[in-house]
Amino acid sequence: MPGTPGSGPVEIPTRTLVHAMVRPDGSVDTGELYTVANVLGMTDQQVRLCIKRLVAEGRFTHRGRGRKAVLSASEDTLRTLEPGVEFVRYAFRQDRGLEPWDGVWRLVAFAIPESARSARDALRDAILRLGGAPLQGGLYVSANEWTELISAEAHRLGVADAITLLTSRDLRIGSLDRPAELAAHLWPLTESAERYHRLIEVARPRLARLESADAVDGIELLTIGVELTVEFGRAMEPDPLLPPELLPNPWPGRQARELVSRAWAAVADRDHTGATRRLYRMYEDVDFR
C-alpha cells in the first residue's frame, strides 16, 4: 500500500474503509468504494467479501449489482457513526477553550435484570462509547454533559425506568479527590495519548508532503486522505474527550487535531476534481479553525 516516506503505512481494514465512505444520507456508492479500495491495494474480492459480511450482520443493506450497487447503513450503524461528528465538533471547541469544565461530575446508575441482558449490555456499551468510566458495578461517571444522550439510549432500549441520573461536585475514590488525579485513575489517558502521538506521526509528514511545491497525483492524494481519515478515527473514537482542565498539559490530542485539520485543508486545496471530498464530507460543517 502506498505511504508517505518516513512515516510508515497506515493499516486500513476494508470494513473501516466502508465506514469512511458512508455519505451523510447513510449510503455508500460501491463504485467509489471499489475505486478507493483498488487505489489502496485492496482487491475486488476483499471488498465483495466485506460487503457480504456487513450485509449478513445487518449493518448494511445492498441494492444493485457490482460497482453500480448502493449500500445503505442500518439505523444501528448510523447510530454509531453519527455521534462521531458531534464529538469531533465538540473536541475542536474544547481545543479553542469554548467548552470549559463546570466542575460537575455526571453519573448514571442502572440495575437491569438478567432477563433483559441484551438491553443491559447495549446500555453499558453506549455508556462506554459516550466516554463513561466505571466506578462500581452498574455505576458510571463522565465529566461531560450526557443526560440527553444517556436518556435517549435508555428509552431506545426500553430500560428508561431502570436508570438513575445524578450530578455531584464531590467525587472521591479511596484517597483520590483531585479532579485531574481522578481522571488519570478512571480513564486510560496514557493509551489515549499514545494514539494521538501516532496520529501526529502520520499527519506531520503527510502535511509536509501536501505543503511542498512538488506535484501530488490523484492516487497519492486519495491515499493520504484515507490514511488521515482512518488514523483520525482510531485516535478519536475511544477518546472520552475529557475537559482540558482534567488532562495533562500539553495534551497531544490538541496538536494532533490541529495537524489533521491543516492536512485536510491541504488535501482539499490540492484536489481539483473533488475525488477526496467523500472521505471527510461527514465533517464538512465542523468548524476546524
Side-chain angles (χ1 to χ4, degrees), residues 1-22 28 32-33 35-42 46-47 50 80-92 94-95 129 131 187-212 216 218-242 247 250-271 275-284 286 288:
M1 182 180 63
T4 300
S7 65
V10 174
E11 181 182 351
I12 304 174
T14 313
R15 180 180 294 246
T16 301
L17 176 61
V18 175
H19 288 166
M21 300 289 290
V22 174
V28 176
E32 292 183 347
L33 174 60
T35 298
V36 176
N38 292 161
V39 168
L40 295 172
M42 300 176 188
Q46 280 179 269
V47 177
C50 182
T80 61
L81 295 176
E82 288 173 354
V85 181
E86 293 302 320
F87 294 157
V88 168
R89 182 179 291 110
Y90 186 74
F92 277 92
Q94 284 182 322
D95 293 343
R129 188 174 67 249
W187 286 276
L189 299 186
T190 299
E191 291 85 344
S192 186
E194 289 173 352
R195 285 191 291 270
Y196 279 120
H197 283 303
R198 165 60 180 166
L199 178 55
I200 290 170
E201 292 174 358
V202 168
R204 184 179 284 134
R206 286 159 178 77
L207 176 60
R209 175 75 179 95
L210 292 164
E211 291 182 339
S212 70
V216 180
I219 291 178
E220 185 180 4
L221 196 64
L222 192 58
T223 300
I224 290 174
V226 172
E227 290 174 331
L228 289 170
T229 301
V230 169
E231 205 63 50
F232 181 76
R234 285 199 180 110
M236 283 289 296
E237 286 171 11
D239 186 352
L241 298 182
L242 296 176
L247 295 170
W251 177 245
R254 180 173 183 174
Q255 180 186 6
R257 285 187 287 268
E258 192 270 337
L259 284 171
V260 170
S261 66
R262 287 172 55 194
W264 272 338
V267 168
D269 288 342
R270 290 262 192 174
D271 184 5
T276 62
R277 178 174 171 264
R278 64 174 75 91
L279 301 172
Y280 48 81
R281 59 182 147 201
M282 183 181 293
Y283 306 121
E284 282 186 321
V286 177
F288 294 121

> Residues in side-chain contact (heavy atoms from CB on, under 4.5 Å) with E237, at least two apart?
Replying inline: none
>> Taking the side chain as everything from C-beta on, heavy atoms only, tell me whether L259 gets closer than 4.5 Å to R206.
In response: no
> Can you find a pair of side-chain heavy atoms, one from L210 and one from L221, that are under 4.5 Å apart?
Replying inline: yes
> Is the closest basic N to carboxylate O distance between R195 and E191 below 4.0 Å?
Replying inline: no
> So, does W187 use its side chain to make a donor-acceptor pair with the main chain of G131 at under 3.5 Å?
Replying inline: yes
> Is I200 close to Q255 at the side-chain level, that is, under 4.5 Å between some pair of heavy atoms?
Replying inline: yes
> Do T229 side-chain atoms and G225 backbone N/O form a donor-acceptor pair below 3.5 Å?
Replying inline: yes
> Does the side chain of E220 come within less than 4.5 Å of R270's, by heavy atoms?
Replying inline: no
>> Once side-chain contact (heavy atoms from CB on, under 4.5 Å) is applied, do any residues pair with R234, and if so which ones, sequence neighbours excluded?
In response: V10, E11, P13, V230, E231
> Does the side chain of L189 come within less than 4.5 Å of L242's, by heavy atoms?
Replying inline: yes
>> Checking side-chain polar atoms at under 3.5 Å, does R257 have a donor or acceptor matched by the opposite partner on Y196?
In response: yes
> Is any side-chain heavy atom of M42 closer than 4.5 Å to a side-chain heavy atom of I12?
Replying inline: yes
